[in-house]
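In listed order, ligands and their atoms are each counted from 1. This is a predicted model, so every value here is computed, not measured. Heavy-atom basis, side chains included; hydrogens, waters and symmetry copies ignored.
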Amino acid sequence: MAQVTVNKLIKRYGNVVAVNEISLQVRDHEFMVFLGPSGCGKTTTLRTIAGLETSQSGDIFIGERRVNDLAPGERDIAFVFQFYALYPHLSVFDNIAFPLRAQRTPHAEVVRRVHAAAATLQMEPLLNRRIRQLSSGEQQRVALGRAMVRQPQVFLMDEPLTNLDAQLRAETRAELKHIQHERGATTIYVTHDQVEAMAMGDRITVMHQGRIQQQGPPMEVYNRPANLFVAGFLGSPPMDIMPAQFSQNGTAALTIGPIRVPISDALRHAIVANGHTTDLAVGMRAEHVAVVPEGTEGAQPVTVFAVEHLGDENVVIVTLGNLRFRAKTGPQATIQEGDTLHVKLPSQRLHVFDTTTGDAIRSPM
Ligand code: ATP
């Protein structure tokens, strides 16, 4: 296995800058997820690492080798793309075995590896079927199997689970992660699905408009989003973002709609150091907004706008003047649209952002 290094990569299509000077390093054995909305440049970055696109500038290293000028077949990578190229006239077995036979692997070893991959992907009963006799989800699993039987330096995967139904998707997600850890295979995995990214990645690279927005372990990116884009993209439901005013009359505080929330000295310092901006944005996660009994100190009355019953919890969307935000409750809570609830905002867990740059303003940890 090997690390992958990308250095100042630029890829343009005419006037469109798909990848805008991206530098990153995927460590040996790491499961790295490229996450971002459609069009952010994640597929182009992956395809360039694979050698399927040529960049205008920048370097790509796999291990110690600079691979810019190597053909895809010379880069020792296995990739699985959304649009899997299978051989429709061949059986599932022969499709999965294809790369092994191309490498002249002994027959007994081919049989062993194909059966092992098929067992993992729950495809053993289908090994003799032709590709055209399979559903698109089954075809996608064959494409995964074909990559899994190989032992390349690096796996590159572009939304490889999109055609699977919810249950199989969750199962295959767990299998892929398990196999990756077992084999220690350096993997780059592209998705626009933040749940998938959180579930699978050792680290996540969040991308937007051809640039890296933040890189880090899932919980770090979730708990300390670097800017408004990341805050709004990661999390289900996403973070609620609201305008806030900073003031220092008496105690330092943020005013969010009708609510004045005192803030720590450290956060006050950070806001002042950022340039004294009074107009800020504040982000809150639903799980940090506490629904409390009436009369609790600091509680605010809010009106229930809608309730989403998710089985294991409820997401309650509430309004307060012009503000609308979310809170989470246990599944037993009997809350209905139009009810009045009392909530406390999480003064210790507010995320503060500069509205001009979009960057997070943070007190040191
Ligand atoms: P998706 O999830 O929809 O695949 P993405 O984040 O992977 O999106 P890319 O496919 O990398 O994004 O595209 C990045 C930008 O480059 C987009 O604006 C896209 O329209 C543009 N682009 C990609 N491929 C081409 C191409 N062959 N010709 C012209 N523009 C392209």
Reference residue D240; test salt bridge (Lys or Arg N to Asp or Glu O under 4.0 Å); the match among R326, R324, R285: R326
Proximity flag G36 to ligand 1, non-hydrogen atoms under 4.0 Å: no
Heavy atom of H192, distance to ligand 1 below 4.0 Å: no
For atom 17 (C) of ligand 1, the option (of C40, G39, G14) bearing the nearest heavy atom: G39
For P37, the ligand 1 atoms whose distance to one of its heavy atoms is below 4.0 Å: 6 (O)
V16 N/O to ligand 1 N/O under 3.5 Å: no
Joint cluster assignment, V315 & I335, ILVMFWY side-chain distance < 4.5 Å: no
H178, NE2 atom: more than 12 neighbouring heavy atoms under 6.0 Å: no
Closest non-hydrogen atom pair between E337 and V307, with its separation: N-CG2, 4.3 Å
Aromatic plane relationship, H89 with Y87 - under 30° parallel, 30 to 60° tilted, over 60° perpendicular: perpendicular
